[in-house]
Amino acid sequence: MLKLAWKGVRAHKIRLGLTAIAIVLGVAFVSGTFVFTDTLDRAFSGLFDDIFADVDVYVRGETDFDSEVVPIPASVLDDVRAVDGIEFAAGSVEGFAQIIDKDGDPISNGGAPTFGLSWVPGAESLTPLNIREGRAPSQNGEVMIDLGTAETSKLAVGDTVRIVVVAGSEEFEIVGLSGFGSSDNVLGATIASFDEATAMRLFNSEGEFASISASTDGTAALSTVLDRVNDVLPSGVGAVSGAAQSEQDSSDLQEEIGFLSTALLVFAGVGVLVGAFIIYNTFSIIIAQRTREMAMLRAVGATASQVTVMIVIEAIVVGFLASAIGIAAGVGITWLLRTAFDAAGVGFPQGPLTIRPRTVVIGMLVGMAVTLFSALIPARQAARIPPVAAISQATIGGPKSLTKRLVAGTILTTIGAVILALGLFGSIGNALTLVGLGAFIVFLGVTVLAPLVARRSARIIGAPLPTMFGVTGTLARENSVRRPRRTAATASALMIGVAVVSVVAILASSLKQSVEDQVTESFGITDFQIEATTFGDPAQVGLSPAIATELTLVPEIGVVSRTKFGIWKNEDGSDRQLIAVDPSTLEDVFVAKVQTGSVAALAGGGVLLQVDAAKDLDVSVGSTLPMQFPLTGIEQVPVVGTFAGEGFFSSYLISNDFYEERYANQLDYQLFINIADGVENESGRAAIDGVLADFPNAEAKNLAEFIEDQKSQIDVLLVIINALLALAILIALLGIANTLALSIFERKRELGLLRAVGMTRRQVRRMIRWEAVITALFGAFLGLLVGVVLGWAVVVALEDEGLSFGFPFQLLTTYVVVAGLGGVVASLWPSFRGARTNVLEAIAYE
Amino acid sequence: MTSTLQETVAARIFNGTKIYGEGHAEVRALDDVSVEFQKGRFTAIMGPSGSGKSTLLHCIAGLDELTSGETFIGDVELGSLKDRALTLLRREKVGFIFQAYNLIPTLSASENITLPLDIAREDIDQDWFDQVITTIGLENRLSHLPTELSGGEQQRVAAARALVSRPEIIFADEPSGNLDSTSAGELLDFMKQAVTDLGQTIVMVTHDPGAAGYSDRVVFLGDGRVVGELLEPTSDAIFDRMRELGG
Ligand SMILES: Nc1ncnc2c1ncn2[C@@H]1O[C@H](COP(=O)(O)OP(=O)(O)O)[C@@H](O)[C@H]1O
Ligand SMILES: [Mg+2]
């Protein structure tokens, strides 16, 4: 059997090879994700190892908040230096420093951080930063920037650059260029170093350090020195070893990389699922075409289970080879990706790609399991071929009971729908897992049902063909439904891809719709909004508070209302977002829809909650809400009111004054501005732009622009998701090509006959092309149907979050057209082969 | 004289040689063959298996290329034609009946019959269509799919398809090879009628003297050469000649 199976693989290598591509692509995505995130992971832990390499003792403010840096009083430095066993200690000042390039644009490499640091002479051994060119900054007006940024932005020692900091923006002379360890740049981050006094002034940290690094003199054990240091530290400040801090920092990042990894694996999973359909289909077709061979085996004494085993071994061989190639391809893709990042100026850490055993094992398992599982049904079909089939013309898999199919399909679809509904509307288990599982079962159910409607659907889709192309069109249409089960299975692969992109499209369009509705409703009374153009974590990037201060002084401007963004922790330790507002001006720019209490009451310190959030937390006006803040820890915050709607996309509002005492980050998040009465919009805008000229990372938008901007952010997300889903669609199209090629092979005689009686090659190609288009459109329509229903369900489930159903008609139409064109592309090779059919070979009679 | 001769010739092969394979594996399927097929006649090509009958037919019909020599349909030399021109020529001037697999399974009998015209997107001459259908005796079978027809009926549909575009010449390779004698008789009767009553030209390959007996002329092939000819043959005469040749 082993020998036979091997021969089977070799005899059908082209057909199985096509199948294998589906597995290769899926496995490549899976293993590529692992290699990519593992490499990132290792690079980051390496990075932190570098940063803390020579730091024995690390002193920092203690906080539960990842995004917050709690400052340390500068006097602590002297106390640390005085500790017995400490050789040298230096304080570091850190802050936001956005470098502006020669064209006046902020330098930002895809959202990488923009660090501002203090440079302490003599502390070189405590930091990975080193001077590569020029000298260190020693006085106000001098800066050292990292070599990587200097090179990509064509800045050099002696140039003057503008740098945006919390307090505003200033010009500096570049006096030096720094390296980071041996590399010129860290992951695209920009680093600007100043002398300590300048840094303290720029980063609003007079008399404060972000951290203190120290080395020991080796006279006492590190743990002893740590204990001594901790003894002299004030409360809220703690010391750990450099190694411990390094581990802590990298494990924080690992968690985020873990998220990325999971997200990518979901997309890989969709691709693998689609691949499974194709493998199933190919094996079924190949077995149908080998009916005689199987029957012959049975006739000469092979048992049914031996036939099954033979097919299973074939599947294992294919799965093994394809998985191995897939893993290699995954590594290759990651390498390409890294090269692309490098070319784009994002310094992806050098060094070898990380290929962990887990990557290979999981890649292999996924590839082989999917292949094997998908080949199981066809293998059992093969076993059912009776020996007599060897001499009769009958093919297996004749029409089975339609009722059975209808019942099975309906049951599956219903079960799937129920699980889906539980995930969406229920409160048991993990909602996302349930939705995923439900969707998967619905896909299976629809796939089982699809053959029942395949014939009729294809006839409807192909209805115009006979009039358009005469008998060529008729033949294309009829061929597409000749094997409804095969057509349905092929189309189902595409259905999954199209359904998922449709759901995403509907969610995006609904999201855009609700953003527009909510923004118009809540901020309809605002003239302009200002936001940082720097991309990144809103808890860390933002607007210099100086902007608001300066804007207030402009006569053309009536109201400037500031907001800040923060993370607080709920009693259960979960992170929640809050927005800090200016109680006295908020209602000039924002329709608060206050239900109880008032916005004004925020001024006394307290929290205003969205009604649903208040209900969830079981608080109301008069009661208190336990909230944990970075600087002050847990506080019982009085609830001063509730509001309806989702206007701020945050359910918790506090006042700016309240915020400032509780968060280290003092950047503004957004500014809302109303022009003074009697001032034209244009002159108001000109006045705002006049102020913003000094703050290159801030931009003013009117309401329409603001909405457009929000929408385009959703569009960017849509594009990224679609790019990731493209793989699933690609695999599905591959499936169409594969099925078509196999069917053409079956119909060789027929094609030969058509050629003999006068069908031109071009007509043959057209016939095959339209067959592919019909199959693709059938899949696309099925996908659209499932996708729209699913999308609608998700939107309904999220209605409480303020989502309203938006139907992206244009986008969905585009998807159908693209699917049709995909069918054309998929038909290229099969139609080329079909048109080359050798007439003589085809009509030869055995 | 030459021109009148040309007018009456539907197809011809001149010094045709066809070689398959190379070196030791070389097979001379046709060896310097020259034959003409007159218009309005029913010619049979006979010979033992492997004598080159099918090869001859394929080359004249433009389905295969000669290694050397020339073939003509009407006065068009086929060797100089590219695939597209050859296809169009087949579509307009040539009809085919094969031994098996003559019909497209997804099309009904009548759709199969009009297939060449439909492919060419030409109008159907309804009178001619009716006449062909009546002669063939398939009036009640037109809407049936090929799987619903007997082998004999299928071959008659194939014959009707070959006729319906009024080609200059029809080539048939063992058209009755898969049929029982009754069905074969019906088919051959119809083919003869097509020549005598409808004025068609048919060239038929067969190894069955009975089938060849329906023809006006028999050309005998042996080892890729023309080895004899009989005019207005009877089955017995053919049988005798075959024995002589097989000798
Ligand atoms: N495609 C081919 N390749 C090689 N040899 C062939 C091929 N087709 C036919 N032949 C050889 O050419 C000779 C004539 O074949 P054919 O014309 O089919 O004979 P017939 O139809 O009279 O039985 C035979 O020896 C056959 O083996
Ligand atoms: Mg033959």
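Just so we're on the same page: letters track the sequence lines, and every chain starts at 1.
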Part of [X] lying under 4.5 Å from any heavy atom of chain A:
X: B:D64; result: both
X: B:L63; result: both
X: B:L89; result: neither
X: B:I104; result: both

Side chain, backbone, both or neither: which part of [X] has an atom under 4.5 Å from a heavy atom of chain B?
X: A:R755; answer: both
X: A:T472; answer: neither
X: A:V757; answer: both
X: A:Q763; answer: side chain
X: A:L475; answer: side chain

Inset, instruction - Return the minimal non-hydrogen interatomic distance between B:F96 and A:A756, and the atom names on each side. - result: CE1-O, 3.2 Å
Legend entry - Under 3.5 Å donor-acceptor, B:R84 side chain and A:R761 backbone: no
Whether over 12 other heavy atoms sit under 6.0 Å from [X] [atom1]:
X: B:E65; atom1: CD; value: no
X: A:F832; atom1: CZ; value: no
X: A:R456; atom1: CZ; value: no
X: B:H207; atom1: NE2; value: no

Pairs of heavy atoms under 4.5 Å with chain A: top-ranked of [options]:
options: B:L107, B:L115, B:D83, B:L88; result: B:D83
options: B:P105, B:S54, B:G95; result: B:P105
options: B:I119, B:D118, B:D173; result: B:I119

Inset, instruction - Enter the distance from B:L103:CG to A:E750:CD here, rounded to the nearest 0.5 Å. - result: 10.5 Å
Legend entry - CA sep, side-chain torsions, deciding dist, call: A:R482, B:T106, side chain to side chain contact (heavy atoms under 4.5 Å, CB included): CA-CA 8 Å; A:R482 204 187 272 195; B:T106 44; 3.4 Å; yes
Legend entry - Option in A:L754, A:T474, A:N479 with maximal non-hydrogen atom pairs under 4.5 Å from chain B: A:L754
